[in-house]
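Quick note: numbers below take in every heavy atom, side chains included, and nothing from hydrogens, waters or symmetry partners. In what follows, chains are A, B, ... by sequence order, proteins preceding strands, each numbered from 1.
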Amino acid sequence: MITTAPEPIEAAPATPGGRVWRRFRANKIGMVAMAMVIVLAVVAITFFILDRLGIPFPMDPDATNLERKLLPPNAVNWLGTDNLGRDVLSRLLNGAYISLTVGFVAVFVSLFIGVVVGAVAGYIGKWVDNLIMRAVDALMCFPTFFLILTAVALLGPSIFNIIFVIGLVSWTGTARLVRAEFLTLRESSYVQAARALGQRGWKIIFRHILPNAAAPILVTAVLGVPEAILAEAGLSFLGFGVQPPQATWGNIIADGKTYILDAWWLILFPGLAILLAALSFYLTGDALRQAVETRSERQ
Amino acid sequence: MTAFIIRRLLVSVVLLFFISVISFFIITLTPGSPYPWGELNPKVSEEVKRVFREKFHLDRPLHEQYAFIMRDLFTGDLRSIKDERPVLQKIGERLPATLVLNLGALALSLSFGLLLGIYGAKHAGRPPDVITSIIAFIFIALPGFWVSYLVAIALVDWAAVPILGTHTIGVAFTDGAQVFLDRWWHVMMPASILAIGGIAVQSRFVRASMIETLREDYIRTARAKGLDENAVFYRHALRNSIRPLITGIGMLLPALISGAVIIENIFAYPGMGRLGYEAVLERDYPTLVALNFVTAALVLLGNLVADLLYAVVDPRVRLE
């Protein structure tokens, strides 16, 4: 669906992907942010696998030890322990995959719905377009987080439901964008040529129009990941995230808030993790947007 | 103008219909029951269940349930399943506090967003712009609930800022000015934290719009006739950033109301967000449907106001 950037050719990148990559590479902040995203992903996958293999590293995230409860950061527990004596660092690393999974998969769901809805509205046009866009307008009037909270609370909090609901309510931006791209691209000469050659509608949509709208769609996708991460953290904080004993960044803060005046490390570190994760995706997405836009922002 | 308002109101009615249908089906089609007792509780007789279902029309097919809910909503008869008080009355009690909180946050977002955005545009592409951009993204990426707790730890002892409720408990101010100041003192913290994301979004928006404006022909003309760069920037270009300011109203409102759900809970602030959270916990379907409807109507109203203001300040915009 989305063309990935091919290997950069140093002299003169012939492909659009190569040109975008060359502009992206020149953006230092974007490169640092993307490196952070990759590190986060590697950490999340590594500790997910370690957890499934039953290797407690650095410690078992669920092992309680009441003799060592609420300890501030020390040589053994680098980020301290919580009210049950569990190691905060281990819990943070163990919870990383929840945030990133929700971020990526929810965006994939919303991208899928948004692209299909937007493509149908933009390609067919007329009353279909009108009907779909009014429904999109209506959805955009909802306070999204409240809608997510309502649906997750009623469906029951599980990682699948959280991903599904976040994806289901956050596709409207993508749909609008894809529709706008389709409205212009529909009239382009190569699409008319394809139509004159008798190609079918869905083939024109997916083979001819969609690849040409890939760049802005990719940008909204990357910028959608942190939104989903923050929504998951908020749900988790309110107690509607993935349920304990599984650690998530949001529920470590929720558990820690009882001990707010005694154990600042229970609040500070998971929050920093959420902030860093969301920030690196936002900065990567913004750098990507600048690389994709043909007009420079500088005067 | 009148024709435009009438048309927009008609479109809003259609949108509200869509909204009510969407929220009704999201809430009723999800599994789980709204009954105040456990589904299999043997102490509840069939008769009690039947009476309860009939009272809230839960024995009817879905489309009839929807019709009943909407009829009751408009006649003001819609009652909460939890305490059987009229839902509109419950929302009405929370509305003023919510409006103060959200409009306060909106004002903060727009004003500080404007300042940050102008600063960024003025130095576009240079280090000050890069720094303010990164600050803006940090603001967007900050989880509001986390900031609330950090601020609570830092400020309560140091500055004695209140973090609970809307007014000082146990003190009956008689002076109107004191009551007013007490309210503001209480709403200040939650409103500021709620505004953090809005400031950042608005600043990005203002910045982009200013940079766009600076490319316009009339700016080139102003420069060509030898005007001082500051005069070009602040007198000619800045006027146009009134437009993103107005668009910001319509754009920020849903996000603010969303954020308020968490912030109101942390600060024990009796607004609609907290009512919604309580209704979610209690599976109070009528309250949830009505809340979604009322907030969506408020957002639509905000958008309409924004569009009208747009036409007032920008003579190029014709309302058709």
Side-chain angles (χ1 to χ4, degrees), chain A residues 28-29 33 134-135 137-156 165 168-169 226-227 229-231 233-234 237-240 249-250 253-254 256-257 260-261 264 267-268 270-272 274-283 285-286 295-299, chain B residues 11 14-19 21-23 26-27 29-32 124-126 130 133-134 137-138 140-147 149-150 152-153 204 208 211 214-215 253-262 265-266 273 276-277 279-281 283 288 291-292 295-300 303:
Chain A
K28 286 198 197 79
I29 297 171
R134 289 298 80 72
D137 286 347
L139 261 180
M140 280 187 141
C141 287
F142 281 108
T144 325
F145 185 74
F146 184 52
L147 202 59
I148 295 173
L149 177 68
T150 311
V152 169
L154 296 179
L155 281 171
V165 171
L168 213 57
V169 302
E227 307 262 334
I229 289 179
L230 288 173
F237 172 75
L238 289 177
F240 290 106
W249 293 347
I253 298 182
K257 70 178 190 245
I260 179 170
L261 295 174
W264 51 268
I267 307 274
L268 183 71
L272 275 180
I274 300 169
L275 172 63
L276 272 182
L279 183 63
S280 37
F281 278 102
Y282 274 128
L283 290 176
D286 189 58
R295 265 206 306 188
S296 164
E297 281 200 346
R298 286 159 206 211
Q299 283 169 267
Chain B
V11 170
V14 176
L15 282 181
L16 277 175
F17 171 72
F18 271 110
I19 286 163
V21 172
I22 294 170
S23 60
I26 285 179
I27 290 162
L29 285 185
T30 45
R126 293 197 299 276
V130 176
S133 291
I134 292 179
F137 280 111
I138 291 177
I140 301 177
L142 276 175
F145 58 92
W146 182 59
V147 182
Y149 283 111
L150 290 187
I153 299 176
R204 299 299 296 167
I211 290 174
L214 288 170
R215 288 207 193 93
L253 264 183
L256 288 178
I257 296 173
S258 275
V261 177
I262 291 183
N265 267 299
I266 294 174
Y277 180 64
V280 165
L281 290 180
R283 294 176 165 273
L288 285 173
L291 260 179
N292 268 315
T295 45
L298 285 178
V299 171
L300 279 174
N303 280 326

Non-hydrogen atoms of chain A under 4.5 Å away: do they reach the side chain of [X], the backbone, both or neither?
X      : value
B/A296 : both
B/L16  : neither
B/V130 : side chain
B/S23  : both
B/L256 : neither

Atom group of [X] that falls short of 4.5 Å from chain B, counting heavy atoms:
X      : answer
A/L147 : side chain
A/L230 : side chain
A/F240 : side chain
A/I148 : neither
A/I253 : side chain

Could you tell me which non-hydrogen atom of [X] sits nearest to which non-hydrogen atom of [Y], and how far apart they are?
X      : Y      : value
B/W146 : A/L272 : CZ2-N, 3.6 Å
B/V261 : A/L149 : CG1-CD2, 3.8 Å
A/A278 : B/A141 : CB-CB, 3.6 Å

- Spacing of B/L15 atom CG and A/L139 atom CG [to the nearest 0.5 Å]: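 Output value for this atom pair is 10.5 Å.
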
- Item | Straight-line distance of B/L150 CG to A/I260 CD1, nearest 0.5 Å | 8.0 Å

- Message: Using modelled atom types and a 3.5 Å cut-off, is there a donor and acceptor pairing between side-chain atoms of B/Y277 and backbone atoms of A/L238?
- Response: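 Yes, because the side chain of B/Y277 sits within donor-acceptor range (under 3.5 Å) of the backbone of A/L238.
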
- Could you walk me through whether B/L288 and A/F146 pass the side chain to side chain contact (heavy atoms under 4.5 Å, CB included) test, one step at a time? CA-CA 10 Å; B/L288 285 173; A/F146 184 52; 3.8 Å; yes

- Does the side chain to side chain contact (heavy atoms under 4.5 Å, CB included) test come out yes or no for A/F237 and B/N265, once each step is laid out? CA-CA 11 Å; A/F237 172 75; B/N265 267 299; over 6 Å; no

